[in-house]
Amino acid sequence: MTPSHLELTGVGIEFPTPKGAFRALENVNLKINKGEFISLIGHSGCGKSTVLNIVAGLHQATEGGALLDGKEVNEPGPERAVVFQNHSLLPWLTAYENVELAVNQVFKNKMSKQEKKDWIEHNLELVHMGHAIHKRPDEISGGMKQRVGIARALSMQPQVLLMDEPFGALDALTRAHLQDSLMEIQAQLGNTVIMITHDVDEAVLLSDRIVMMTNGPAATVGEILKVDLARPRNRLELADDPTYNHYRSEVLRFLYEKQKKVENITPKTAAKKPEAEKVA
Ligand SMILES: Nc1ncnc2c1ncn2[C@@H]1O[C@H](COP(=O)(O)OP(=O)(O)OP(=O)(O)O)[C@@H](O)[C@H]1O
């Protein structure tokens with residue numbers, strides 16, 4: 001059998017705490033193909049970021065581990081770029097210079113000065129930031145900062161893009177624009193993406209598969225939903241699509257019924273966001 005592009009096998013992790021070891025994950029198994037878009041969804045604190053951090057090489061699993069193209073992951077590397085919820089741009093550098101830092105890190109002696117310049121501009125144009133490349137983070141909006149963060153990650157030519165709630169801090173319209181950009185970029189570049197989200201619509205719209213995690217402690221993969229919707233996907237057309245709505249209700253069923261946390265999920269909070277169902 002051919003090994004998967006990215007494979008998590010028997011992953012478990014314990015964190016030391018003053019009260020003793022805390023088991024966050026247990027026996028997480030996941031096989032991801034090249035170019036697949038995977039969303040991780042689950043209640044707050046279940047362990048989604050911990051899974052992502054293990055793939056990023058930022059955490060070491062206590063048992064099991066991750067393999068990328070058969071190679072063990074045990075430290076961060078540019079082939080696995082991370083995009084966080086809060087852009088994490090250096091405030092004293094322009095958009096161009098923030099991307100340049102990453103490009104210099106990866107392509108220091110592999111590209112000429114001109115090639116680097118073209119590559120930085122190309123990545124900023126890819127996320128529709130070509131018009132503001134010389135602006136600093138405090139001169140651009142939250143959505144624009146997030147676009148620069150994505151350009152910075154893409155500029156490293158990662159095989160895997162790891163996104164921890166990348167659009168979580170943005171308003172609904174900016175979020176929709178960025179989701180559309182991300183779908184375009186992924187269609188163009190074919191990166192493998194693992195994205196954490198709390199937004200059920202975002203998960204269904206973007207993903208090839210949605211990995212639904214059980215509640216912690218000792219969280220694991222609960223169910224995996226394959227989203228068989230043709231691409232390119234159009235959010236307006238999908239809003240009335242019965243298959244789309246079926247997937248959406250499958251995820252909600254898992255989160256609200258199978259994994260419900262009574263203290264978090266009340267009818268009141270569930271009814272709050274009709275356009276983009278979110279879980280706490
Ligand atoms: N370094 C650490 N030390 C101790 N416990 C930790 C550590 N990192 C995470 N945890 C615990 O592990 C569990 C999983 O955390 P994690 O951040 O992965 O959850 P999450 O699903 O990403 O949460 P959220 O959706 O709220 O971001 C939580 O109970 C958290 O408190």
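Owing to the predicted nature of the structure, the values given are computational and were not obtained by experimental measurement. Both ligands and their constituent atoms are indexed starting at 1 by order of listing.
Of the protein's non-hydrogen atoms, the one nearest atom 26 (O) of ligand 1 is S44 OG, 2.7 Å. Among all protein heavy atoms, the one lying closest to atom 25 (O) of ligand 1 is K48 NZ, 2.8 Å. Nearest protein heavy-atom neighbour of atom 17 (O) of ligand 1: S49 CB, 3.8 Å. Taking atom 9 (C) of ligand 1 as the reference point, the nearest protein heavy-atom neighbour is F15 CE1, 3.5 Å. Regarding atom 19 (O) of ligand 1, its nearest protein heavy-atom neighbour is G47 N, 3.2 Å.
Ligand 1 places these atoms under 4.0 Å from at least one heavy atom of H198: 25 (O). Of all the atoms in ligand 1, the ones that sit under 4.0 Å from a non-hydrogen atom of F22 are 11 (C), 12 (O), 13 (C), 29 (O). Atoms of ligand 1 lying under 4.0 Å from at least one heavy atom of T50, given by number and element, are 14 (C), 15 (O), 16 (P), 18 (O). Atoms of ligand 1 found under 4.0 Å from any heavy atom of A24, numbered from 1 in the order shown, are 12 (O).
Using modelled atom types and a 3.5 Å distance limit, the side chains of S49 and D164 yield a donor-acceptor pair.
Protein heavy atoms all stay at least 4.0 Å away from atom 31 (O) of ligand 1.
Close to ligand 1: G45, with a non-hydrogen atom less than 4.0 angstrom away. Judged by the shortest distance from any of its heavy atoms, C46 lies inside the 4.0 Å radius around the atoms of ligand 1.
Between W119 and F107, the ring-plane angle classifies as perpendicular under the 30° and 60° cut-offs.
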Salt bridge (charged side-chain N to carboxylate O under 4.0 Å, His left out) evaluation trace for R235 with D201: CA-CA 9 Å; R235 71 182 62 244; D201 283 297; over 6 Å; no
side-chain contact (heavy atoms from CB on, under 4.5 Å) between I120 and I133, intermediate numbers included: CA-CA 9 Å; I120 295 163; I133 62 174; over 6 Å; no
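Here T50 contributes atom OG1 and H59 contributes atom NE2; the two are 5.0 Å apart, rounded to the nearest 0.5 Å. To the nearest 0.5 angstrom, E165 atom CD is 9.5 Å from M195 atom CE.
Neither the backbone nor the side chain of M213 comes within contact range of ligand 1; no heavy atom lies under 4.0 Å.
Screening V148, V99, I150, L182 for a side chain to side chain contact (heavy atoms under 4.5 Å, CB included) with V127, the sole residue that qualifies is I150. Each of N123, L161, L126 was compared with I185 under the side chain to side chain contact (heavy atoms under 4.5 Å, CB included) criterion, and only L126 meets it.
Under a hydrophobic clustering in which Ile, Leu, Val, Met, Phe, Trp and Tyr are joined whenever their side-chain heavy atoms come within less than 4.5 Å, directly or via other members, V200 and V221 fall into different clusters.
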